[in-house]
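Here is the structure we will look at.
The sequence lines fix the lettering, A, B, ..., with proteins before strands; numbering per chain opens at 1.
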Amino acid sequence: MATKETLNTQSNDPSFSHILDELQWRGLVALSTDEKELRAALSKPITFYCGFDPTAPSLHLGNLVQLLTMRRLQLAGHNPLALVGGATGLVGDPKPNSERTLNDRETVAAWVEKLAEQNRRFLDFDGKNAAQMVNNLDWTSEYSAIDFLREIGKHYRVGKMISKDAVSARLNSDAGISYTEFSYQIMQGLDFLELYRRYDCVMQTGGSDQWGNLTSGTDLIHKVEGKSVHLIATPLITNADGKKFGKSEGNAIWLDSELTSPYAMYQFWLNTDDADVIDRLKVFTFLTRAEIAEYEQMVAEEPFKREAQRRLALEVTELVHSKQESESARDASLALFGSGDLGSLDQKTLSSALAELPSAKLPRGAKIIEALVATGLVESNSEARRAIEQGAVSVNKVKIGSEDEALEPLASMSLAVISKGKKNLAGVFFSG
RNA sequence: GGCAAGUUACCCAAGCGGCCAAAGGGAUCUGACUGUAAAUCAGCUGGUGUAUGCCUACGGGGGUUCGAAUCCCUCACUUGCCA
């Protein structure tokens, strides 16, 4: 993968003497099992795992928190197992408000492949403490219902299962909960047990919203094997303004460049709130404590320069995509937002900037409305008209007053920049 | 298995024969102010495009009626109580 070189540049901050100290400083430990024991366990190389369920064709920023936590642990000498939920994805973990719709087996299997592929870009699968990929379908598919109920189910008390947040929230909601989703915690417990047996895996990491499912495994191992194993739960990343983190225009930010372009990724991070940017640098970059302290000062003294946001955007875009794509995204952002005068840019700069944006090929003389729809800036003609009425639409940075105005190419070029609002830009390439 | 209540747009939720493309929140989007920030204020939010039109939409299907989100039947799902 193109990001192998990026992996090689990563390291933990040597100013921390214990990996747990660094994780805590980065705000990555929301909950954990007994800290003393955890600290002791982490002082020598251990094997740990984190699971990713195939609920979509790509991982998103929430998963990136997990991936980076795993990577930091790997850099500290521990052995990561990246688990893809070929089995748990067929069942579905309980969401707080609604029952999931089951995806068919082919879809889940295809998504498993995609998630596995993405995992390979964030962890090192070569070298001395190489990561390994595991799929829980490998050990669950061989269980018969009877074996499952006798060997695993017997260790679970319904009272305790019901009291877990994810389940009780659903029991108290209108949606209720199916037996299928109710059983999810048992499957996750089984995963940990199997990995403990097969790989001597003694720690699991995951999101704090999964705490109930994480403890399912430690409890099971304690009962069956009489051993204490460990957990680290990362906090749910939230924004200072209370809005959901990791969404842009209501859509998730995906790690797959087909779903979220490097440019969109860069823009997302560039728009990080001042109040959040330092926390984000800690969680999503490998900058050291000292470097981040410098940015903290910059944010306090000259927030309008947005140095921290720029660095954050560049770093994370490189991490998720590549150095080259990250720099292109940055250059495109500078070109399109910078001077305000697109005419001063040469065709080459502008073309490469537009390549980062959604775009459409249209015949000369096409209507502005057509361009808005064709580029995907709006979803319907009505929405396009509404946007124009609201004064949201510009062509080549010049505001459009009426839908009848001509869609002119920029200067002597055969392209135009069309925008809805300040941040939604698209390119139009004229043919003929 | 029985009884009761419920299923409304992205989410919550009102409406209980015509004035319903559906109140009110929330969320997204847009404008102003700014730093591509936050906060604040304002506006939009089914489609078609200009027709007091038409199409689609109040869980699915069927019916009553000039007219149904609203009444009836039926199916599915959800919740609660009883078994």
Heavy atoms from C-beta onward define the side chain here; which of [options] lies closest to that of [X]?
X: A/Ser333; options: B/A32, B/G47, B/U36; value: B/U36
X: A/Lys420; options: B/C44, B/U48, B/C29; value: B/C29
X: A/Ala392; options: B/U30, B/G35, B/A38; value: B/U30

Practice task
May I ask you to decide if A/Ile19's main-chain N or O and A/Arg72's side chain share a donor-acceptor pair within less than 3.5 Å?
Solution key: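 Flag not set: sc A/Arg72 to bb A/Ile19 has no pair under 3.5 Å.
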Check whether any side-chain heavy atom of [X] sits under 4.5 Å from a side-chain heavy atom of [Y], and report yes or no.
X: A/Tyr49; Y: A/Pro80; value: no
X: A/Gln188; Y: A/Gln185; value: no
X: A/Leu73; Y: A/Leu23; value: yes

Sugar-phosphate only, base, or nothing, as touched by [X] at under 4.0 Å among non-hydrogen atoms:
X: A/Ile177; answer: sugar-phosphate
X: A/Gln267; answer: base
X: A/Ala175; answer: sugar-phosphate
X: A/Glu389; answer: nothing

Which nucleotide, if any, forms a Watson-Crick or G-U wobble pair with [N], using both distances under 3.5 Å?
N: B/A57; result: none
N: B/C29; result: B/G43
N: B/C16; result: none
N: B/A38; result: none
N: B/G67; result: none
N: B/A21; result: none
N: B/A4; result: B/U79

If the [atom1] atom of [N] is compared with that of [M], how far apart are they to the nearest Å?
N: B/C16; M: B/C72; atom1: C1'; answer: 14 Å
N: B/C44; M: B/G59; atom1: P; answer: 27 Å
N: B/C54; M: B/G26; atom1: P; answer: 35 Å
N: B/G61; M: B/A76; atom1: P; answer: 15 Å
N: B/G62; M: B/G15; atom1: P; answer: 28 Å
N: B/G49; M: B/A9; atom1: P; answer: 26 Å
N: B/A69; M: B/A23; atom1: C1'; answer: 14 Å
N: B/A14; M: B/U7; atom1: C1'; answer: 15 Å

Problem - A/Arg385 vs A/Asp274, nearer the 5' end of RNA chain B by closest nucleotide - result: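 Mapping each residue to its closest nucleotide by heavy atoms, the 5'-most match is A/Asp274.
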Handout entry: First of A/Glu379 and A/Arg306 reached from the 5' end of RNA chain B, by closest nucleotide
Key =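 The 5'-side residue here is A/Arg306.
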Would one find a side-chain N or O of [X] under 4.0 angstrom from OP1 or OP2 of [N]?
X: A/Asn271; N: B/G35; result: no
X: A/Lys423; N: B/A37; result: yes
X: A/Arg386; N: B/G47; result: yes

Per the atom types in the model, does the base of [N] pair as donor or acceptor with the side chain of [X] at under 3.5 Å?
X: A/Gln390; N: B/G43; result: yes
X: A/Ser382; N: B/G49; result: yes
X: A/Glu383; N: B/U45; result: no
X: A/Asn381; N: B/G47; result: no

[X] [atom1] - [N] [atom2] separation (whole Å):
X: A/Lys367; N: B/U48; atom1: NZ; atom2: P; answer: 15 Å
X: A/Leu372; N: B/U30; atom1: CG; atom2: P; answer: 13 Å
X: A/Ile388; N: B/U30; atom1: CD1; atom2: P; answer: 15 Å

Handout entry: Within 45° cone and under 6.0 Å: A/Arg280 NZ/CZ vs A/Phe245 ring
Key =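 Yes, a cation-pi geometry.
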Practice task
Might you confirm whether atom CD of A/Gln347 has over 12 heavy atoms from other residues, nucleotides or ligands at distances under 6.0 Å?
Solution key: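 For A/Gln347, atom CD is crowded (more than 12 foreign heavy atoms under 6.0 Å).
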Exercise for the section: Check the surroundings of atom CD in A/Gln324: do more than 12 heavy atoms from other residues, nucleotides or ligands lie under 6.0 Å from it? Expected result: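 No, because the 6.0 Å sphere around CD of A/Gln324 holds 12 heavy atoms or fewer from other groups.
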